[in-house]
*Asks:* 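Right, I'll just put the structure down here and ask away after.
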Amino acid sequence: MGGASAIHSYDDARRIARRRLPWMVFDYIDGAAGNGVAEARNLAALRDIELQPRVLVNVSDRDLCVEVFEHSGKVPFGISPMGMCNLSGPGADVMLARIAAKHQVPIGVSTVASTSLETMIEEAEGHAWFQLYFSGDGSGTSKLVERAKAAGYKTLIMTLDVPEVGRRPRELRRGFKMPFRVGPMQFIDFALHPRWSLSSLVAGAPDLANFQTPGFTFDRTESRAAADWDFLKRLRDDWDGNLVAKGVTDVGDALKLREAGVDAIQVSTHGGRQLDCAPAPILALKRIRDAIGPDYPLFYDTGLRSGEDVVKAYQMGASFVFFGRAMQFAIAAGGRDGLAQLWSLLAEETSLTLAQLGLTAMPRHFRLSE
């Protein structure tokens, strides 16, 4: 049994995706740095957050809309930037863009997306934010910024937690490469997963779409270590739209980023994919909120699995939250219908959680213990 109708939770989507995807692809999407300690620590921290139910409150009319950069999204969550999403299924990037457009929420478009940044903002009907990596000497980064401007992007996400790509043993064992490479081990892997392989063959192998344009190149292993505060100042001067700093867990860094003119901070550990001994970002979110005050925009991703997790992140201080790999698993499990099914159940879970707590809307930086 499988497909969209069998998805009743994140774990269902992941289980079906694991069966359908080649091992190399599944481990790329599901993997973490080192032994997965950082990912497990954050999941445990999320699990242990308690929400206090309330009774005899009329919660029959509930509203999930949340303001993000003066725009009202229909649900309180968006989609994190993720590289090479079309590995989860042909057309995955466009599916994600279209569901973001339908619900009027942001989708992060990765530098290493498998669909061009121009196509993505069009499919998302403007609800797309471009995610940027610093790379090499920064010259290629500047070219991508200009390209995002020309495409009409109003929000730029600068990912800061990848000075070097973290070691992800599950990827290394499977021989995962970007751009995509197929050797004997991958050939056997694909042959044992014919459903994925045949559909990908028909659609064409996923590639780094933003680097198919002449003059744009990308090397995943190229060092990003030269990014510093001077680079951030130049970027801030050059980008007149919203600037989001992603991958922040330190209070001091957060305060300094605000002073440097960053418009919002996204608390994240890259899904636990960078540093195995990193702190739990869900706890860092609360520390940063307490230090930075109630009004500054704080976004959150990493480890969200359910609607209850969404509400927990808001309790800890989030202004808006983003799902990542959950969306890819839903697509791998059931295509467009699988994505719609998971999206619907996440929204329903969030609404049901609010009802249990005696709430009719997503409160702004609330503390249920107060």
*Asks:* So, K149 and E146, do they make that salt bridge, N to O below 4.0 Å?
*Replies:*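 Salt bridge between K149 and E146, a charged N being under 4.0 Å from a carboxylate O: yes.
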
*Asks:* With ring centroids as reference points, do F77 and W343 lie under 6.0 angstrom apart?
*Replies:*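 Yes: the rings meet the under 6.0 Å criterion.
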
*Asks:* Please check if the distance between the ring centroids of F299 and W129 is under 6.0 Å.
*Replies:*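 Yes, the ring of F299 comes within the 6.0 Å limit of the ring of W129, centre to centre.
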
*Asks:* Are F320 and Y314, when compared by the centres of their aromatic rings, separated by less than 6.0 Å?
*Replies:*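 Here the rings of Y314 and F320 have centres that are no less than 6.0 Å from each other.
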
*Asks:* Say whether R62 and S351, considering side chains only, have a donor N or O and an acceptor N or O under 3.5 Å apart.
*Replies:*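 Their side chains do contain a donor-acceptor pair, which is all the 3.5 Å distance test asks for.
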
*Asks:* A side-chain contact here means heavy atoms from C-beta on lying under 4.5 Å apart; do I331 and R336 qualify?
*Replies:*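 The answer is no, as the side chains (C-beta and beyond) never meet within the 4.5 Å cut-off.
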
*Asks:* Could you tell me if the ring centre of H127 sits under 6.0 Å from that of H71?
*Replies:*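 Close enough - the centres of the two rings lie under 6.0 Å apart.
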
*Asks:* Could you state whether L304 and L43 fall into the same hydrophobic cluster, counting links through intermediate Ile, Leu, Val, Met, Phe, Trp or Tyr residues with side-chain heavy atoms under 4.5 angstrom apart?
*Replies:*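 No, L304 does not connect to L43 through the hydrophobic network.
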
*Asks:* Quick one: does any side-chain atom of R236 pair with a main-chain N or O of W239 as donor and acceptor, under 3.5 Å?
*Replies:*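 Yes, R236 side chain to W239 backbone: donor-acceptor pair under 3.5 Å.
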
*Asks:* Got a donor-acceptor contact below 3.5 angstrom from the R147 side chain to the N210 backbone?
*Replies:*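 At least one qualifying donor-acceptor pair exists.
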
*Asks:* State, yes or no, whether a side-chain contact exists between M362 and T350 at a heavy-atom distance under 4.5 Å.
*Replies:*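 When only atoms from C-beta onward are counted, T350 and M362 do touch, with a gap below 4.5 Å.
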
*Asks:* Looking only at the aromatic ring of each residue, does the gap between the centers of F134 and F231 stay below 6.0 angstrom?
*Replies:*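 When the ring centroids of F231 and F134 are compared, they turn out to be within the sub-6.0 Å range.
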
*Asks:* Nearest 0.5 Å please: distance from the CE atom of M82 over to the CG atom of D301.
*Replies:*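 That separation rounds to 10.0 Å.
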
*Asks:* Side chains of N42 and T302: any donor to acceptor distance under 3.5 Å?
*Replies:*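 Their side chains do not contain a donor-acceptor pair, so the 3.5 Å distance test is not met.
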
*Asks:* Rounded to the nearest 0.5 Å, what's the gap from CZ on R195 to OG on S200? Could you check?
*Replies:*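 Rounded to the nearest 0.5 Å, the CZ-OG separation comes out at 11.5 Å.
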
*Asks:* Could you walk me through whether R234 and T141 pass the side chain to side chain donor-acceptor pair (under 3.5 Å) test, one step at a time?
*Replies:* CA-CA 12 Å; R234 294 193 301 272; T141 303; over 6 Å; no

*Asks:* So, the side chain of Q274 versus the backbone of D161: is there a donor-acceptor pair under 3.5 Å, distance only?
*Replies:*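 Yes: the side chain of Q274 pairs with the backbone of D161.
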
